[in-house]
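First up is the structure itself, then whatever we jot down about it.
Chain identifiers are assigned alphabetically (A, B, ...) following the order of the sequence lines, protein sequences preceding nucleic acid strands; residue numbering begins at 1 within each chain. All of these numbers come straight from a predicted model, not from anything done at the bench.
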Amino acid sequence: MHDDDGTVIKDDPADWITAIAMREDRAAFAALFAFYAPRIKTMLMRAGASADSGEDIAQETLLTVWRKAAYFDPSRASAAAWIYTIARNIRIDRLRQLQRAKLYALQETIESEEPERPDAALSSTQRADRVRAALGQIPQEQVQVLKLSFFEGRAHGDIAQQLDLPLGTVKSRLRLAMNRLRHLLGDLS
Amino acid sequence: MTIMHHPSDATLAAFAAGTLDGARSLVVATHLSLCPACRKAVRTFEHVGGALLDEAAPTGMKPGALERAMAQLGEPEPVARQARPSEENLPAPLSHYELGSWRWIGRGVQWRSVAVDAADGCRVFMLKAAGGTRLPRHRHTDTEWTCVFQGAFRHDLGRFGPGDFDEADDSVEHNPFVEEGAPCICLVVLAGSIELQGWMGKLLQPLIRI
């Protein structure tokens with residue numbers, strides 16, 4: 001992980017989450033907030049949220065991290081992946097409330113104990129490094145589609161329109177990316 | 001249970017990114033609750049989301065943002081939504097929705113509503129078809145996604161048993177047949193409408209309210 005000057009930060013954000021879970025460590029919360037809240041805000045704004053709404057969701061995400069810290073399993077996800085899923089679920093909940101749909105982030109309902117444990121010997125930071133390295137091995141055109149989908153929250157149809165591609169091409173790029181990621185990261189999750 | 005038919009990678013990616021509409025999310029979540037392999041695929045995609053978040057350029061928070069967050073740390077957690085007690089061993093994602101009672105809609109076939117106010121015109125329902133039932137040949141004007149919980153049906157593209165996910169689009173015209181034995185129960189999300197084929201289908205069309 002790098003801070004804003006590009007300096008390598010030695011701390012593992014997973015340790016901050018663990019410190020919150022073990023002893024309600026406010027300094028660890030402040031460190032997590034300083035790194036992730038501004039990045040979540042960027043992600044939400046790229047997905048079309050206003051600055052206020054992006055700020056609000058970033059706040060709620062970090063408060064949820066505080067409350068749910070005990071549920072974080074560093075043998076299963078990197079801190080970043082876990083925080084990403086929390087921000088995503090809050091975004092979905094907000095959208096559904098706007099649509100007044102009786103739906104919410106179903107992503108939360110499917111978590112259950114897996115019989116097969118992933119490789120628990122890897123630290124959260126090692127996991128994050130592996131994912132970054134894997135993304136470096138994927139063709140740029142596939143990474144572009146992953147970014148639009150996962151970071152900017154765009155539906156596949158919108159991505160096709162934006163890149164002026166057939167929908168089938170967007171889907172096949174995702175499939176090719178997934179095949180590669182399964183191969184490179186299959187042991188991580 | 002051996003699951004043979006899974007959602008496409010593009011569909012799993014959309015679910016992991018949170019860009020799938022609500023009704024389709026429900027049928028995918030139902031499959032995921034039964035399928036460890038697809039849960040793993042979704043987690044792999046979530047790692048991608050995490051890596052992109054780590055690499056993002058920060059946008060400054062408003063002055064005092066951290067202090068405001070810290071001031072709320074002691075507050076009790078908001079009351080979580082209560083899932084209703086699960087009936088008939090339904091997959092977990094469905095336990096959050098109000099289900100209508102079963103109604104007959106044709107010979108051997110029952111239907112029950114799933115109260116999803118889908119904003120985009122999708123309809124969500126469960127079907128229960130008796131063993132040996134042949135459903136009318138039909139095609140769809142858009143997509144029909146189905147997840148089986150119990151029993152099995154077959155059509156041109158294979159056998160669909162518990163946990164299997166059938167992602168049919170408007171290129172598919174099929175004539176599903178329910179295997180002999182236990183009734184087949186599944187969750188269906190339908191976008192567009194069903195067009196029944198043949199004179200029998202045309203007779204039935206107005207009677208089928210789904």
Side-chain angles (χ1 to χ4, degrees), chain A residues 1 4 26 29-30 33-34 37-43 45 54-55 58-59 62-63 66-67 77-78 80-81 83-85 88 91-92 96 99-103 105-107 109-110 114-116 127-128 131-132 135 146-147 149-151 153-156 171 174-175 178 181-182 185 188-189, chain B residues 8-23 25-26 28-30 32-33 36 39-62 65-66 68-70 72-73 75 77 81 83 92-93 95-98 115-119:
Chain A
M1 157 184 279
D4 303 341
R26 287 176 170 250
F29 178 80
F33 191 97
R39 285 168 171 79
I40 294 165
K41 186 172 175 181
T42 302
M43 179 167 85
M45 288 173 68
E55 172 114 3
Q59 285 268 3
L62 270 296
L63 286 172
W66 173 269
R67 293 190 188 111
S78 66
I83 293 172
Y84 172 81
T85 62
R88 173 201 64 192
R91 180 175 65 80
I92 295 172
R96 304 260 159 91
Q99 297 167 348
R100 282 185 288 174
K102 285 181 202 147
L103 275 165
L106 288 155
Q107 281 77 356
T109 66
I110 54 162
E114 302 294 341
E116 189 188 334
R127 270 163 214 285
V131 178
R132 196 173 310 115
L135 287 176
L146 288 173
K147 275 189 180 152
S149 179
F150 287 88
F151 194 68
R154 307 210 180 272
H156 298 166
K171 290 186 176 183
L174 284 165
R175 181 171 49 79
M178 186 60 194
L181 291 169
R182 269 202 183 100
L185 303 174
L188 283 195
S189 48
Chain B
S8 66
D9 282 338
T11 294
L12 293 174
F15 182 85
T19 60
L20 211 55
D21 65 68
S25 291
L26 175 59
V28 174
T30 300
L32 288 166
S33 71
R39 285 201 291 276
K40 183 171 165 146
V42 165
R43 280 197 303 274
T44 300
F45 277 128
E46 288 170 348
H47 274 112
V48 172
L52 295 174
L53 183 60
D54 265 347
E55 285 176 1
T59 301
M61 299 286 281
K62 290 180 190 160
L66 174 62
R68 278 195 299 281
M70 297 283 260
Q72 291 181 66
L73 293 184
E75 288 178 11
E77 191 169 351
R81 276 172 297 242
S95 63
H96 295 269
Y97 297 93
E98 205 167 312
V116 175
D117 286 342

Checklist entry - Which value, rounded to the nearest 0.5 Å, describes the distance between A/Phe150 atom CZ and B/Leu53 atom CG? => result 13.5 Å

Checklist entry - Partners of A/Arg26 by side chain to side chain donor-acceptor pair (under 3.5 Å), sequence neighbours excluded? => result none

Checklist entry - What part of B/Ala57 gets closer than 4.5 Å to chain A, counting heavy atoms only: side chain, backbone, both or neither? => result backbone

Checklist entry - Looking at side-chain heavy atoms only, is the closest gap between A/Leu146 and B/Phe45 below 4.5 Å? => result yes

Checklist outcome for this item: Most heavy-atom pairs under 4.5 Å with chain B, out of A/Glu55, A/Lys41, A/Met43, A/Met45, belong to A/Glu55

Item to check | Region of A/Arg154 that comes under 4.5 Å of a non-hydrogen atom in chain B | outcome: backbone

Next on the checklist: I'd like to verify something: which residue of B/Ser8, B/Ala10, B/Ala41 has the highest number of heavy-atom pairs under 4.5 Å with chain A?
Outcome noted: B/Ala10

Checklist entry - What's the shortest heavy-atom distance between A/Ala77 and B/His47, and which atoms? => result CA-NE2, 3.7 Å

Checklist entry - If you count heavy-atom pairs under 4.5 Å between each of B/Ala51, B/Gly49, B/Gly60 and chain A, which one has the most? => result B/Gly49

Checklist entry - Got a second to check how far B/Leu66's CG is from A/Leu62's CG, nearest 0.5 Å? => result 9.0 Å

Next on the checklist: Can you tell me how far apart NZ (B/Lys62) and CD (A/Gln59) are? Round to the nearest 0.5 Å.
Outcome noted: 9.0 Å

Checklist outcome for this item: dist B/Thr11:OG1 -> A/Arg175:CZ (nearest 0.5 Å) comes out at 12.0 Å

Checklist entry - Do you know the tightest heavy-atom contact between B/Ala16 and A/Arg88? => result O-NH1, 2.7 Å

Checklist outcome for this item: Value for CG (A/Leu63) from CD (B/Gln72), rounded to nearest 0.5 Å, stands at 5.0 Å

Checklist outcome for this item: Closest non-hydrogen contact found for B/Asp54 with A/Ala128 is OD2-CB, 4.1 Å

Checklist entry - Taking all non-hydrogen atoms of both residues, which atom of A/His156 and which atom of B/Ala14 are closest, and how far apart? => result CE1-CB, 3.6 Å

Next on the checklist: Need one label for A/Leu181: side chain, backbone, both or neither, based on atoms under 4.5 Å from any heavy atom in chain B.
Outcome noted: both

Next on the checklist: Could you check whether any side-chain heavy atom of A/Tyr84 comes within less than 4.5 Å of a side-chain heavy atom of B/Val48, counting everything from C-beta outward?
Outcome noted: no

Next on the checklist: Using every non-hydrogen atom in the two residues, find where A/Trp66 and B/Leu73 come nearest and quote the distance to one decimal.
Outcome noted: NE1-O, 3.1 Å

Checklist entry - Between A/Arg182 and B/Asp9, is any pair of side-chain heavy atoms under 4.5 Å apart? => result yes

Next on the checklist: Testing the basics here: between A/Thr42 and B/Pro58, what is the closest heavy-atom pair and its distance to 0.1 Å?
Outcome noted: OG1-C, 3.4 Å

Checklist entry - If we only count heavy atoms from C-beta on, is the A/Phe33 to B/Met61 side-chain gap below 4.5 Å? => result yes

Checklist entry - Can any side-chain N or O of B/Glu46 pair as donor or acceptor with the backbone N or O of A/Thr85 at less than 3.5 Å? => result no

Checklist entry - Just how far is it from atom CD1 of A/Ile92 to atom CG of B/Asp21, taken to the nearest 0.5 Å? => result 11.0 Å

